[in-house]
Amino acid sequence: MAAAPDAALLPRISRSADALDLARREAARLMDSHRETMRRRDADQLLEVITGAEALRHCLRQRQKSARDEMLWFCKAQYVAMPSGSNRDEFDALARGVRYRVLYEKAFFDADDAVSNVMAGVRAGEVARAVPQLPLRMAVVDRTVAVFPLVSGGPHGSPEEPTTALVRDSNLLAALIALFERHWEDAVPLAIDDTGRLSDDDAATRMQLAWHAARHGWR
């Protein structure tokens with residue numbers, strides 16, 4: 001007898017929520033440790049704080065230039081440091097063999113030129129998928145360094161400066177990678193069809209995402 005949809009889906013949703021909770025708890029623990037035990041010699045090696053959109057943009061560019069194997073990205077709507085289509089370092093990295101796995105949230109496709117920018121990335125070799133919503137912005141380099149916000153700045157380059165963490169080998173890094181993989185598993189693949197376009201246009205992509213969200217019980 002086939003299992004009810006809820007019975008199959010609820011454990012997966014629960015695991016995703018557990019992964020996010022673990023990442024949040026570990027981030028709080030590391031920040032407390034960083035503040036209270038600054039005399040520890042390895043504290044700065046685990047967590048580095050980056051303040052401001054310009055510093056964040058520089059960090060992301062340098063990390064992509066140094067990437068050797070793989071970049072993982074959570075791309076949320078409304079940019080903070082890098083407008084859609086401005087990340088030329090991705091194309092350089094793809095050309096030298098770095099694999100990009102990028103997750104886009106549904107609202108990302110509401111921005112001007114978002115679909116064409118994603119198409120350009122996919123044509124260059126990016127592996128793209130979409131989900132209804134992402135919990136945070138994030139980039140992971142070679143599974144050794146993660147960059148994610150501690151305090152979000154304003155979107156579209158507003159004067160509210162973002163405060164970002166660069167995290168190296170730690171339980172927090174492992175939790176962030178697990179969070180990415182959980183969302184990746186349930187995401188909708190985006191591909192180029194025989195005509196050289198995304199398999200769905202902008203409106204159809206949003207409809208597909210809405211259907212996928214309803215199927216998985218997401219809100």
Side-chain angles (χ1 to χ4, degrees), residues 16 20 50 52-64 67 71-94 98-141 146-164 176 179-180 183-184 186-193 195-214 216 218-219:
S16 180
L20 178 57
I50 302 167
E54 181 60 34
L56 173 56
R57 186 161 45 249
H58 177 75
C59 173
L60 291 172
R61 294 195 63 188
Q62 292 302 114
R63 290 294 163 181
Q64 289 180 93
M71 292 288 305
L72 311 177
W73 285 85
F74 273 177
C75 286
K76 288 181 66 65
Q78 300 186 340
Y79 76 88
V80 169
M82 301 181 76
S84 177
S86 69
N87 186 15
R88 308 310 302 175
D89 295 291
E90 174 181 352
F91 295 94
D92 294 339
L94 286 167
V98 178
R99 186 186 187 203
Y100 272 66
R101 286 198 287 152
V102 184
L103 276 169
Y104 298 93
E105 68 177 8
K106 181 177 67 172
F108 179 90
F109 295 98
D110 291 332
D112 293 340
D113 298 325
V115 172
S116 60
N117 290 332
V118 173
M119 287 175 59
V122 172
R123 286 196 189 100
E126 175 187 304
V127 183
R129 294 187 180 184
V131 293
Q133 189 172 12
L134 289 170
L136 74 166
R137 306 176 194 276
M138 181 174 68
V140 181
V141 188
V147 182
F148 71 102
L150 292 173
V151 179
S152 297
H156 297 304
S158 85
E160 298 176 26
E161 294 283 21
T163 301
T164 309
L176 291 169
L179 180 66
F180 177 91
H183 281 76
W184 183 262
D186 292 332
V188 178
L190 301 176
I192 301 295
D193 63 19
T195 68
R197 299 180 180 179
L198 277 180
S199 55
D200 293 286
D201 62 19
D202 191 9
T205 297
R206 290 201 297 270
M207 290 176 62
Q208 182 185 14
L209 288 167
W211 171 85
H212 196 72
H216 285 74
W218 291 330
R219 297 291 184 269

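Heavy-atom basis, side chains included; hydrogens, waters and symmetry copies ignored. Count residues from 1 along the sequence.
- Evaluation of the ring-ring contact (aromatic ring centres under 6.0 Å, His included) rule for Phe148 yields no partner, not counting sequence neighbours.
- Evaluation of the side chain to side chain contact (heavy atoms under 4.5 Å, CB included) rule for Ala124 yields Phe91, Leu94 as partners, not counting sequence neighbours.
- Nearest heavy atoms, Ala53 versus Ala81: O-CB, 3.7 Å.
- Closest of all the heavy-atom pairs between Ala114 and Ser84 is CA-OG, 4.2 Å.
- Taken from NE2 in His183 to CD in Gln133, the straight-line distance is 8.5 Å, to the nearest 0.5 Å.
- Heavy atoms only, all atoms of each residue included: Ala130 and Leu103 are closest at N-CD2, 4.4 Å.
- To the nearest 0.5 Å, the span separating CG on Leu150 from OG1 on Thr164 amounts to 7.0 Å.
- When the side chain to side chain donor-acceptor pair (under 3.5 Å) test is applied to Arg99, no partner is found at least two apart in sequence or on another chain.
- Ala139 meets the side chain to side chain contact (heavy atoms under 4.5 Å, CB included) test with Leu60, Met71, Trp73; sequence neighbours excluded.
- Relative ring orientation between Trp184 and Phe180 is described as parallel, the plane-to-plane angle staying below 30° on a 0-90° scale split at 30° and 60°.
- Atom CZ of Arg61 sits in a sparse spot, with 12 or fewer heavy atoms from other residues, nucleotides or ligands closer than 6.0 Å.
- Across all their heavy atoms, Lys76 and Leu134 have their closest contact at NZ-O, 2.8 Å.
- Smallest separation of non-hydrogen atoms from Val131 and Ala187: CG1-CB, 3.5 Å.
- The closest side-chain heavy-atom distance from Val147 to Leu56 is below 4.5 Å.
- With sequence neighbours left out, the side chain to side chain contact (heavy atoms under 4.5 Å, CB included) criterion links Ala107 to Ala77, Glu105, Asp110.
- Every side chain to side chain contact (heavy atoms under 4.5 Å, CB included) that Glu54 has, sequence neighbours left out, goes to Arg57.
- Side-chain contact between Phe108 and Val118: present, with at least one pair of heavy atoms (C-beta onward) separated by less than 4.5 Å.
- Inter-residue side-chain proximity for Leu179 and Leu136 is flagged as met; some heavy-atom pair is nearer than 4.5 Å.
- Scanning for salt bridge (charged side-chain N to carboxylate O under 4.0 Å, His left out) contacts around Arg63 gives an empty result, with sequence neighbours left out.
- Across all their heavy atoms, Leu176 and Ala146 have their closest contact at CD1-CB, 3.8 Å.
- For Gln64, the side chain to side chain donor-acceptor pair (under 3.5 Å) partners are Asn87, Tyr100, not counting sequence neighbours.
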